[in-house]
Amino acid sequence: MAWGWRWFLLALALCACVSAEGEAQKETFEFKSDVSKMLDIIIRSLYTNRNIFLREVISNGSDALDKIRFLYLTEPQDPKTKDDESPTMDIRIKTDKDARTLTIQDGGIGMNRDDLIQHLGSLGSSGTKAFLEKMSDASGDMNMIGQFGVGFYSVFLVADNVKVASKKDGSPDQWVWESTADGSYSIYEDPRGNTLGRGTEITLDLKKDADEFLDPEKLKTIVKQYSEFIHFPIFVQTSTTEKVPVDAPEKDDAEAKDDKEEGKEEGEEDEDPAKEDDEEEDKEDDKETEMKEVTKYSWDLVNENKPIWTRKPDDIEKDEYNKFFKAISKDTEDPMYYTHFNAEGEVEFKSILYIPGKAPPNMFDHTSATFTNIRLYVRRVFITDEFKDLLPRYLNFIKGVVDSDDLPLNVSRELLQESRILKIIKKKLIRKALSMIKEIAEEDEKADEDEEDKEKAKDDGEEKKEETEEEKKEEKEDEDEEKSDEKSDEK
């Protein structure tokens, strides 16, 4: 028995030694990855529609403008470009068809060299999130959009090369970040100098199959669809070609003097007035036909509509609700009924629901898998209007908007459909929609009762009137009889 116990302890000791030796030899390695492939996988898993890149870039620009507006509340500054121009608090989009480039510029807070490395050189790094954490003690009313950090890389869906020029507010230098999404990027000081004053300029060298994004009208459509309710103005540059007269080339004083002397000599030799008149008419005709084409550029404001759901219902007039309904539904008639509410609790969101003035033509269409009657926004940025069952089929005539701060901005549509937050929103929307229909029924019932009361009062008034007329008639007859009796007595 004693030997058995000793052998057991010896085996246990040997196992411990082997275990210790194994732990001493354990090594830790980092995962190896092809950054370009990983970036491509991330982008394509999040974004199935190439138009999304413009939404993401505009959202980043809006955040940058929000940041500088917040900072200027306490420390206002007046930066200038090298041409002594001030940056504007807006977002501007322009194209160059010859160079096949698309440029998006904002007058936001901008980035310096370290910011470009930290935010654009690191996948998933969000400058907005870091800004909110830094300002957490004083940012209760701040509502910024991008907090995930991969939205910017959606530009590689349409661009082979991306160049980001940025100048941070208060920084002396303007820097450029450039990459082709091949796993590397370069940073250098902008050779153009201070062309921004403050803000960021993103230039995309478009892919061969992305010519559609050189069309200003296409860009306007995308902006109106996804970024119509961004707080800051969004401008798209358009161009028009006009024909203008060509100015005659100016001659120097010596040539003009020689021509004048030659004209005098010719005039002395030949002074035929008819010939001179013909020459003058020919010159005028030639001058009229000399035209040239000139391209003129202008900036068109795209996001004219405002997100009225962010305001208090008491501050909004009925005409504003009707105008907003026509803007989101493309309907020409005013709605029958609407409700504007803010949902609070486990999930917070703002919403406006409408019942159209007339039944939509596809009201009884049960073949469609998705419906586009409710537009979903996350912090005023359009996400989607294609839902399987956000509202049940029997409520597919209701139109409206939902804006939630709790939903993620960068998420695929498939994951969004299964979101727990969206399911909570669905329950509250159904409850509000049914409540709205109940209110309409109650108002109709009340209106019917009022109409019945009016008719009853009218009938009572007519009966009273008839009675009064009969009484007057009887009184008149009595008076006539009395007069007749008096005349008979006199006779």
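Quick caveat, the model's predicted, so the values are computed rather than measured. We use all heavy atoms of the structure for the numbers below, so side chains are in, but hydrogens, waters and symmetry mates are not.
- Side-chain N or O atoms of Lys82 include one that pairs as donor or acceptor with a backbone N or O of Arg192 at under 3.5 Å.
- Ala64 and Asp106 get closest at one heavy-atom pair: CB-OD1, 4.0 Å.
- Annotation: Tyr338 is not in aromatic contact with Phe325 [ring centroid separation under 6.0 Å not met].
- By the neighbour-count criterion of 12 heavy atoms within 6.0 Å, atom NZ of Lys224 is sparsely surrounded, having that number or fewer from other residues, nucleotides or ligands.
- Put simply, the side chain of Asp205 never gets that close to the backbone of Asp160: no donor and acceptor are under 3.5 Å apart.
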What do the steps show when you test Ile383 against Arg55 for side-chain contact (heavy atoms from CB on, under 4.5 Å), and what is the final call?
-> CA-CA 9 Å; Ile383 301 301; Arg55 181 195 76 180; 3.7 Å; yes
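- Scanning all heavy atoms of the two residues, the minimum distance from Leu196 to Gln174 falls at N-OE1, 3.2 Å.
- A 4.5 Å side-chain heavy-atom check between Met436 and Tyr337 finds at least one atom pair inside the cut-off.
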Residues Ile93, Leu54; criterion side-chain contact (heavy atoms from CB on, under 4.5 Å); working and verdict = CA-CA 10 Å; Ile93 306 170; Leu54 193 57; 4.1 Å; yes
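- In this structure, Asp403 contributes its side chain and Arg380 its backbone to a donor-acceptor pair below 3.5 Å.
- Contact between His340 and Arg311 at its shortest, heavy atoms only, is CE1-O, 3.3 Å.
- The side chain to side chain contact (heavy atoms under 4.5 Å, CB included) test with Ile187 singles out one residue from Leu116, Asp114, Leu120, and that residue is Leu116.
- Taking all atoms of both residues into account, the shortest heavy-atom contact from Arg198 to Thr88 is NH2-O, 4.4 Å.
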Kindly determine whether Lys97 and Asp211 satisfy salt bridge (Lys or Arg N to Asp or Glu O under 4.0 Å), including the steps that lead there.
-> CA-CA 9 Å; Lys97 293 184 178 180; Asp211 287 343; over 6 Å; no
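- In the displayed structure, Lys163 atom NZ is contacted under 6.0 Å by at most 12 heavy atoms of other residues, nucleotides or ligands.
- To the nearest 0.5 Å, atoms CZ (Phe232) and CG (Leu65) are separated by 5.0 Å.
- For Glu348 (side chain) and Asp405 (main-chain N/O), no donor-acceptor pair under 3.5 Å exists by modelled atom type.
- In this structure, Glu178 CD and Asn161 CG are separated by 4.5 Å, a value rounded to the nearest 0.5 Å.
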Between Ile316 and Phe324, does a side-chain contact (heavy atoms from CB on, under 4.5 Å) hold up when you go through it step by step?
-> CA-CA 11 Å; Ile316 305 174; Phe324 183 73; over 6 Å; no
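- Residues His231 and Pro307 have side chains in contact (heavy-atom distance under 4.5 Å, counting atoms from C-beta outward).
- For the residue pair Asp300/Thr238, the side-chain donor-acceptor check at 3.5 Å is satisfied.
- Below 30°, between 30° and 60°, or above 60°: for Phe156 and Tyr153 the angle between ring planes is below 30°, a parallel geometry.
- When side chains are defined from C-beta on, Ile68 counts as touching Met89, because their heavy atoms get closer than 4.5 Å.
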Could you check Ile230 against Val381 for side-chain contact (heavy atoms from CB on, under 4.5 Å), going step by step and ending with a plain yes or no?
-> CA-CA 7 Å; Ile230 293 293; Val381 177; 3.9 Å; yes
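- The two atoms that bring Gly110 and Thr200 nearest to each other are CA-OG1, 3.9 Å, heavy atoms only.
- When the options Phe349, Phe229, Tyr226 are evaluated for a ring pair (Phe, Tyr, Trp, His ring centres under 6.0 Å) with Tyr377, the one that passes is Phe229.
- Remark: Tyr188 OH is packed, more than 12 non-hydrogen atoms of other residues, nucleotides or ligands lying under 6.0 Å away.
- Panel note: side chain Asn303, backbone Ile234; a donor-acceptor pair is recorded below 3.5 Å.
- For the pair Gln77 (side chain) and Asp169 (backbone), a donor-acceptor distance under 3.5 Å is absent.
- The backbone N or O of Val401 lies less than 3.5 Å from a partner atom in the side chain of Ser351, making a donor-acceptor pair.
- Within a 6.0 Å radius of CZ in Arg100, more than 12 heavy atoms belonging to other residues, nucleotides or ligands are found.
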Please test Glu320 against Lys323 for salt bridge (Lys or Arg N to Asp or Glu O under 4.0 Å), starting from the C-alpha separation and ending with a verdict.
-> CA-CA 5 Å; Glu320 292 183 82; Lys323 182 180 178 182; over 6 Å; no
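- Taken to the nearest 0.5 Å, the OG atom of Ser329 stands 11.0 Å off from the CG atom of Asn373.
- Distance NZ/Lys94 to CD1/Ile104: 11.0 Å, rounded to 0.5 Å.
- Two residues are said to be in side-chain contact when any heavy atoms from C-beta on lie closer than 4.5 Å; Leu204 and Val57 fail this criterion.
- Residues Pro392 and Ile430 have side chains in contact (heavy-atom distance under 4.5 Å, counting atoms from C-beta outward).
- Side-chain polar atoms of Asp83 and Thr81 form no donor-acceptor pair below 3.5 angstrom.
- Inter-residue side-chain proximity for Phe235 and Val223 is flagged as unmet; no heavy-atom pair is nearer than 4.5 Å.
- A distance-only check finds no donor-acceptor pair linking the side chain of Lys428 to the backbone of Lys432 [under 3.5 Å].
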Decide salt bridge (Lys or Arg N to Asp or Glu O under 4.0 Å) for Asp209 and Arg50; before the verdict, give the C-alpha distance in whole Å, the side-chain angles of both, and the deciding distance to 0.1 Å.
-> CA-CA 11 Å; Asp209 62 347; Arg50 294 206 302 178; 3.5 Å; yes
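- In this structure, the separation between CG on Leu376 and CD1 on Ile425 is 6.5 Å, given to the nearest 0.5 Å.
- Asn322 places a side-chain heavy atom less than 4.5 Å from the side chain of Pro335.
- With hydrogens and angles ignored, the 3.5 Å screen pairs no side-chain donor or acceptor of Ser179 with any backbone N or O of Tyr185.
- Side chain of Thr339 to backbone of Tyr354: no donor-acceptor contact under 3.5 angstrom is found.
- Heavy-atom contacts from other residues, nucleotides or ligands closer than 6.0 Å to CD of Glu75 number 12 or fewer.
- A salt bridge does not link Asp173 to Lys168: none of the charged side-chain nitrogens sits closer than 4.0 Å to a carboxylate oxygen.
- The line from CD1 of Ile328 to CH2 of Trp309 is 8.5 Å long, rounded to the nearest 0.5 Å.
- In this structure, Phe53 and Ser154 approach most closely via the heavy-atom pair CA-OG, 3.3 Å.
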CA sep, side-chain torsions, deciding dist, call: Lys80, Asp78, salt bridge (Lys or Arg N to Asp or Glu O under 4.0 Å) = CA-CA 7 Å; Lys80 300 285 185 181; Asp78 186 21; 3.7 Å; yes
